[in-house]
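First the structure, in the form of structure tokens, and then the observations on it.
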Amino acid sequence: MPQLVKITPDNVEAACRVTVRPDQEKFSSPVAWSLAEAYAQPEIAWPRLIVEGDDNVGFLMGFFDIVWHPDRPDDLRSGLWRLNIAAEHQGRGYGRFAVQAVCDEARRRGHDRVYTTWKPGADGPEQFYLKLGFRPTGETSEGEVAGVRHLTE
């Protein structure tokens, strides 16, 4: 069964070696970039390595309590910021596990919904997120589609 592991000095290099398929690179950021963002924003970032046995199968980064609209400081949102499943481990349920882990952490923190964004395009991750219950909000963020998943349904 997969587990989430906090990123530490002992596993940061292994986390950075998690890479998606070449055709997916345009839809996700490298783990090293995500970790740099997490370092710069530790109060909202929740980076985790996804491990099964001795294998590092993926990386996720949640975000918690960000101000979504600068003109509406009370509109705090939480959700999935990044998801990278290693190319050789895709199609085995690790992405679903990662999304559920972020949902569980959000629920533990008192949230009733989670958000994510995805780059639109053929062969992109939209169908994956829709299958997991995310629905477009009608908003965009830096050119990406924003989606919400209600945790009470």
Side-chain angles (χ1 to χ4, degrees), residues 1-68 76-109 111 113-137 139-149 151:
M1 177 147 163
Q3 298 179 30
L4 293 184
V5 177
K6 188 174 181 177
I7 306 297
T8 67
D10 293 330
N11 66 15
V12 68
E13 288 182 41
C16 290
R17 285 193 294 273
V18 171
T19 56
V20 298
R21 295 189 327 246
D23 63 307
Q24 296 170 326
E25 290 173 354
K26 64 185 171 210
F27 296 108
S28 69
S29 296
V31 173
W33 180 263
S34 297
L35 290 174
E37 289 182 312
Y39 177 82
Q41 300 175 83
E43 67 282 357
I44 63 167
W46 192 68
R48 297 293 186 268
L49 187 60
I50 306 167
V51 175
E52 179 142 31
D54 293 332
D55 294 328
N56 300 312
V57 300
F59 169 84
L60 72 79
M61 188 160 71
F63 65 90
F64 294 97
D65 298 320
I66 66 162
V67 175
W68 187 260
L76 296 178
R77 297 188 185 184
S78 298
L80 180 65
W81 191 351
R82 295 280 161 63
L83 178 60
N84 301 63
I85 302 300
E88 66 274 19
H89 294 288
Q90 292 184 11
R92 299 181 188 168
Y94 297 120
R96 179 180 298 274
F97 168 82
V99 170
Q100 189 58 51
V102 170
C103 290
D104 292 346
E105 181 65 15
R107 190 178 286 114
R108 188 186 73 72
R109 293 177 185 223
H111 299 282
R113 68 191 73 170
V114 293
Y115 294 83
T116 195
T117 62
W118 59 83
K119 292 180 184 173
D123 302 320
E126 182 172 57
Q127 289 306 310
F128 168 77
Y129 289 117
L130 294 177
K131 285 179 188 174
L132 293 179
F134 286 92
R135 296 295 171 252
T137 65
E139 302 164 303
T140 59
S141 176
E142 298 180 6
E144 295 188 5
V145 175
V148 63
R149 176 177 167 181
L151 301 178

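These numbers were taken from a predicted model, which means no experiment stands behind them. In what follows, residues are counted from 1 in the order of the sequence shown.
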Review point. Are more than 12 heavy atoms from other residues, nucleotides or ligands located less than 6.0 Å from atom CG of D23?
Key: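 Yes, enclosed.
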
Review point. Could you go step by step and tell me if W68 and T137 meet the side chain to side chain contact (heavy atoms under 4.5 Å, CB included) rule?
Key: CA-CA 13 Å; W68 187 260; T137 65; over 6 Å; no

Review point. How far apart are the C-alpha atoms of V99 and F134, what are their side-chain angles, what is the distance that settles it, and do they pass the side chain to side chain contact (heavy atoms under 4.5 Å, CB included) test?
Key: CA-CA 10 Å; V99 170; F134 286 92; 3.7 Å; yes

Check: [Y] and [X] side chains under 4.5 Å, non-hydrogen atoms:
{"X": "W118", "Y": "F128", "answer": "no"}
{"X": "L76", "Y": "V67", "answer": "yes"}
{"X": "V20", "Y": "F27", "answer": "no"}
{"X": "I66", "Y": "Y115", "answer": "no"}

Grab the two heavy atoms, one from [X] and one from [Y], that are nearest each other, plus how far apart they are.
{"X": "H111", "Y": "D65", "result": "CE1-OD1, 3.0 Å"}
{"X": "V31", "Y": "A15", "result": "CG1-O, 3.4 Å"}
{"X": "G95", "Y": "I85", "result": "N-CD1, 3.8 Å"}

Practice item. Using side chain to side chain donor-acceptor pair (under 3.5 Å) as the criterion, list what pairs up with E25, not counting sequence neighbours. Key: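 With sequence neighbours excluded, E25 shows a side chain to side chain donor-acceptor pair (under 3.5 Å) to no residue whatsoever.
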
With distance as the sole test, does [X] use its side chain to make a donor-acceptor pair with the main-chain N or O of [Y] at under 3.5 Å?
{"X": "N11", "Y": "K6", "result": "yes"}
{"X": "R149", "Y": "L132", "result": "yes"}
{"X": "K119", "Y": "G124", "result": "no"}
{"X": "S78", "Y": "V114", "result": "no"}
{"X": "N84", "Y": "P30", "result": "no"}

Practice item. Just grab all the salt bridge (charged side-chain N to carboxylate O under 4.0 Å, His left out) pairs involving residues 99-108, residues at least two apart or on different chains. Key: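 Applying salt bridge (charged side-chain N to carboxylate O under 4.0 Å, His left out) to every pair that reaches into residues 99-108, excluding sequence neighbours, yields D104-R107, E105-R108, E105-R109.
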
Output the distance between atom [atom1] ([X]) and atom [atom2] ([Y]), rounded to the nearest 0.5 Å.
{"X": "E144", "Y": "E126", "atom1": "CD", "atom2": "CD", "value": "12.0 Å"}
{"X": "L151", "Y": "Q100", "atom1": "CG", "atom2": "CD", "value": "8.0 Å"}
{"X": "F63", "Y": "W81", "atom1": "CZ", "atom2": "CH2", "value": "8.5 Å"}

Below 3.5 Å, can you tabulate the donor-acceptor pairs from side chains in residues 38-62 to any protein atom, sequence neighbours excluded?
| unit_1 | atom_1 | unit_2 | atom_2 | d |
| --- | --- | --- | --- | --- |
| E52 | OE1 | Y94 | OH | 2.5 |
| E52 | OE2 | M1 | N | 2.8 |

